[in-house]
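None of these values were measured; they are calculated from a predicted model.
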Amino acid sequence: MRMIEGQYTNADSRYAIVAGRFNQFVVDSLVEGAVDSLVRHGVDEDNITVVRVPGAFEIPLIAQAIAEKGEVDAIIALGAVIRGSTPHFDYVAGESAGGLNKVQMDTGVPCSFGVLTVDTIEQAIERAGTKAGNKGAEAALVAIEMVSVLRQISE
């Protein structure tokens with residue numbers, strides 16, 4: 001029996017982090033967590049590109065452009081969508097998630113989803129490095145693991 005399971009040893013892999021500027025006080029912590037996680041797992045900082053976009057809604061378009069260039073092994077999407085009193089949250093969060101899924105399915109480049117979709121600013125802060133850990137760091141680990149699994153499948 002052959003068992004394929006992701007490893008966290010893709011030091012030679014190249015990653016793009018696409019981060020929304022909206023709610024930047026939270027997203028900056030997610031970016032720091034993602035970069036730290038990649039570096040701790042042996043990724044050279046020269047193999048990490050951070051691209052800033054206006055917000056979570058714009059992340060999929062830039063992720064698609066990056067994936068189509070073929071210069072990265074995975075994309076880490078980071079942002080923060082905080083629910084307000086209008087349905088705007090539902091559209092932005094849903095389109096961001098759906099768009100990123102389409103990018104990875106169309107291009108074969110994994111897109112890890114580190115876009116926080118929360119009800120309150122407090123929840124966002126918790127997920128950006130306090131009580132609930134750093135979801136940017138977790139998204140980076142997902143990207144590393146997906147690159148590993150894809151490489152093993154193609155062997």
Side-chain angles (χ1 to χ4, degrees), residues 2-82 92-118 124-155:
R2 180 175 181 210
M3 174 68 79
I4 296 175
E5 189 171 359
Q7 307 297 315
Y8 297 102
T9 56
N10 304 317
D12 63 330
S13 300
R14 299 157 301 157
Y15 298 88
I17 297 170
V18 182
R21 281 193 314 272
F22 202 79
N23 294 313
Q24 188 167 353
F25 68 100
V26 172
V27 179
D28 284 349
S29 293
L30 297 174
V31 171
E32 288 172 19
V35 170
D36 180 64
S37 186
L38 291 170
V39 170
R40 285 179 187 261
H41 285 86
V43 177
D44 189 305
E45 284 194 24
D46 290 339
N47 288 342
I48 304 168
T49 301
V50 177
V51 179
R52 296 286 187 161
V53 298
F57 188 82
E58 293 76 23
I59 291 172
L61 175 62
I62 300 307
Q64 180 177 343
I66 291 168
E68 288 175 347
K69 270 189 97 171
E71 296 178 357
V72 299
D73 297 293
I75 297 167
I76 302 161
L78 303 175
V81 185
I82 302 170
V92 172
E95 291 300 324
S96 182
L100 285 164
N101 188 49
K102 183 169 180 3
V103 169
Q104 69 180 357
M105 297 303 290
D106 289 351
T107 66
V109 176
C111 296
S112 65
F113 190 73
V115 177
L116 302 180
T117 54
V118 296
I125 292 168
E126 286 175 5
R127 288 159 179 76
T130 60
K131 285 196 271 187
N134 187 305
K135 299 305 178 185
E138 291 177 19
L141 290 176
V142 168
I144 292 169
E145 187 173 356
M146 289 300 293
V147 169
S148 173
V149 169
L150 285 170
R151 285 184 178 171
Q152 291 177 64
I153 288 172
S154 66
E155 291 177 345

For the NE2 atom of His41 and the CD atom of Gln7, what is their distance to the nearest 0.5 Å?
11.0 Å

Neighbour count >12 (heavy atoms, 6.0 Å) for atom CZ, Phe113:
yes

For atom OH of Tyr8, is the number of surrounding heavy atoms from other residues, nucleotides or ligands below 6.0 Å larger than 12?
yes

Donor-acceptor pair, Asn23 side chain versus Ala80 backbone, under 3.5 Å?
yes

Are Val27 and Arg21 close enough that some pair of their side-chain heavy atoms sits under 4.5 Å apart?
no

Within the 4.5 Å heavy-atom criterion, are Val103 and Val109 side-chain neighbours or not?
no

For residues 46-53, run the donor-acceptor check on the side chains, cut-off 3.5 Å, and write out each pair with its distance to 0.1 Å, sequence neighbours left out.
unit_1 : atom_1 : unit_2 : atom_2 : d
Arg52  : NH1    : Asp28  : OD1    : 3.1
Arg52  : NH2    : Asp28  : OD1    : 2.9

Using modelled atom types and a 3.5 Å cut-off, is there a donor and acceptor pairing between side-chain atoms of Glu68 and backbone atoms of Ala65?
no

If you round to the nearest 0.5 Å, how far is CG of Asn101 from OG of Ser96?
11.0 Å

Does any part of the side chain of Ile125, heavy atoms only, come nearer than 4.5 Å to the side chain of Phe25, both counted from C-beta?
yes

Using a 4.5 Å cut-off on heavy atoms from C-beta on, say whether the side chain of Ile144 contacts that of Tyr15.
yes

Under 3.5 Å, side chain of Gln104 to main-chain N/O of Cys111, donor-acceptor pair present?
yes

